[in-house]
Peer 1: 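To start, I am sharing the structure in question, which I have written as structure tokens.
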Amino acid sequence: MSWIDLCAIDDIPLRGARRIKTAQGCVALFRTGDTEVFAAADRCPHKGGPLSEGIVHGQSVTCPLHNMVFDLTTGQARGEAMQIQTHALRIEDGRVLIDGAKLRARSAA
Ligand code: FES
């Protein structure tokens with residue numbers, strides 16, 4: 001794996017989200033706890049809503065456009081046959097790192 005440093009964990013509001021632009025496209029980071037962060041596609045598969053502007057609750061995010069709820073651990077929509085792509089990440093010395101190889105593979109698809 002090649003890890004890309006995206007930001008400091010404190011750059012993401014607690015129980016909030018932040019959109020990060022990378023060379024491979026935009027990624028939404030969701031901070032669900034003091035040291036718990038999830039990375040996923042920022043685009044809702046329903047009609048393209050910006051998930052980074054949604055409401056973060058528990059380990060889920062609610063899309064700001066039509067209230068579809070996505071589980072951030074799996075990417076699966078609650079009660080719907082839709083899914084967002086999630087990305088592996090790790091926290092190291094207060095920094096959020098994402099798996100760059102998988103991000104590149106996604107942008108090439
Ligand atoms: S665009 Fe996200 S629920 Fe419709």
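Computation of the quantities below employed the complete heavy-atom set of this structure, encompassing side-chain atoms and omitting hydrogens, waters and symmetry-equivalent molecules.
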Peer 1: Answer yes or no: are there more than 12 heavy-atom neighbours, outside Arg43 itself, under 6.0 Å from its atom CZ?
Peer 2: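 No - once you tally the heavy atoms of other residues, nucleotides and ligands closer than 6.0 Å, there are 12 at most.
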
Peer 1: Is any side-chain heavy atom of Asp99 closer than 4.5 Å to a side-chain heavy atom of Trp3?
Peer 2: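 SC-SC contact between Asp99 and Trp3 confirmed.
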
Peer 1: Looking only at heavy atoms, which two atoms of Ser52 and Ala17 are closest? And how far apart?
Peer 2: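 Looks like O-CB, 3.4 Å.
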
Peer 1: Search all heavy atoms of Leu65 against all heavy atoms of Gly49 and return the closest pair with its distance.
Peer 2: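 Looking at all heavy atoms of both residues, the closest pair is CD1-CA, 3.5 Å.
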
Peer 1: So, for Ala88 and Ile98, which heavy atoms are closest and what is the spacing to 0.1 Å?
Peer 2: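 Scanning both residues completely, I find the closest heavy atoms to be O-CG1, 3.4 Å.
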
Peer 1: Nearest 0.5 Å please: distance from the NE2 atom of His46 over to the CG atom of Asn67.
Peer 2: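 The distance works out to 11.0 Å.
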
Peer 1: List the steps, then state whether side chain to side chain contact (heavy atoms under 4.5 Å, CB included) holds for Leu29 with Val96.
Peer 2: CA-CA 9 Å; Leu29 298 177; Val96 180; 4.2 Å; yes

Peer 1: Are the side chains of Val37 and Leu89 in touch, meaning some heavy atoms are under 4.5 Å apart?
Peer 2: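 Heavy-atom side-chain distance check passes, below 4.5 Å.
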
Peer 1: Atom CZ of Phe30 and atom CD1 of Ile55: how far apart are they, to the nearest 0.5 Å?
Peer 2: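 Answer rounded to 0.5 Å: 12.0 Å.
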
Peer 1: Near Arg19 CZ, under 6.0 Å, is it more than 12 heavy atoms from other residues, nucleotides or ligands?
Peer 2: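 It does not: Arg19 CZ has 12 such atoms or fewer within range.
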
Peer 1: Judged by atom type as modelled, is there a donor-acceptor pair below 3.5 Å linking the side chain of Asp93 to the main-chain atoms of Arg95?
Peer 2: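 Judged by distance alone, no pair lies under 3.5 Å.
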
Peer 1: With a 4.5 Å heavy-atom cut-off, do Arg18 and Ile20 have their side chains touching?
Peer 2: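 Touching, per the 4.5 Å side-chain cut-off.
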
Peer 1: Side chain of Gln76, backbone of Met82: donor and acceptor closer than 3.5 Å?
Peer 2: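 Present.
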
Peer 1: Can you give me the closest heavy-atom contact between Cys63 and Leu51, atom names plus distance?
Peer 2: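 Residues Cys63 and Leu51, closest heavy atoms: CB-CD2, 3.7 Å.
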
Peer 1: Ala39 and Val27: which non-hydrogen atoms are nearest, and at how many Å?
Peer 2: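 That would be CB-CG1, 4.0 Å.
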
Peer 1: Taking salt bridge (Lys or Arg N to Asp or Glu O under 4.0 Å) as the test, write out the residues that go with Arg15, two or more places apart.
Peer 2: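 Partners of Arg15 under the salt bridge (Lys or Arg N to Asp or Glu O under 4.0 Å) test: none.
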
Peer 1: Checking Arg31 now: which residues fulfil salt bridge (Lys or Arg N to Asp or Glu O under 4.0 Å) with it, not counting sequence neighbours?
Peer 2: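 Checked Arg31 against salt bridge (Lys or Arg N to Asp or Glu O under 4.0 Å); matches are Asp10.
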
Peer 1: Is the shortest side-chain heavy-atom distance between Ser60 and Arg78 below 4.5 Å?
Peer 2: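 Ser60 vs Arg78: side chains touch.
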
Peer 1: Name the residue from Thr35, Leu97, Ile9 that meets the side-chain contact (heavy atoms from CB on, under 4.5 Å) definition with Ile91.
Peer 2: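 So the option named by the test is Ile9.
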
Peer 1: Can you measure from CE (Met68) to CD (Glu80) and round to the nearest 0.5 angstrom?
Peer 2: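 Answer rounded to 0.5 Å: 4.0 Å.
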
Peer 1: Identify the heavy atoms of Leu72 and Phe38 that sit nearest to each other, and give their distance.
Peer 2: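 Residues Leu72 and Phe38, closest heavy atoms: O-CD2, 3.5 Å.
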
Peer 1: Is any side-chain heavy atom of Thr86 closer than 4.5 Å to one of Thr74?
Peer 2: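 They are not in contact (no side-chain heavy atoms under 4.5 Å apart), so the answer is no.
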
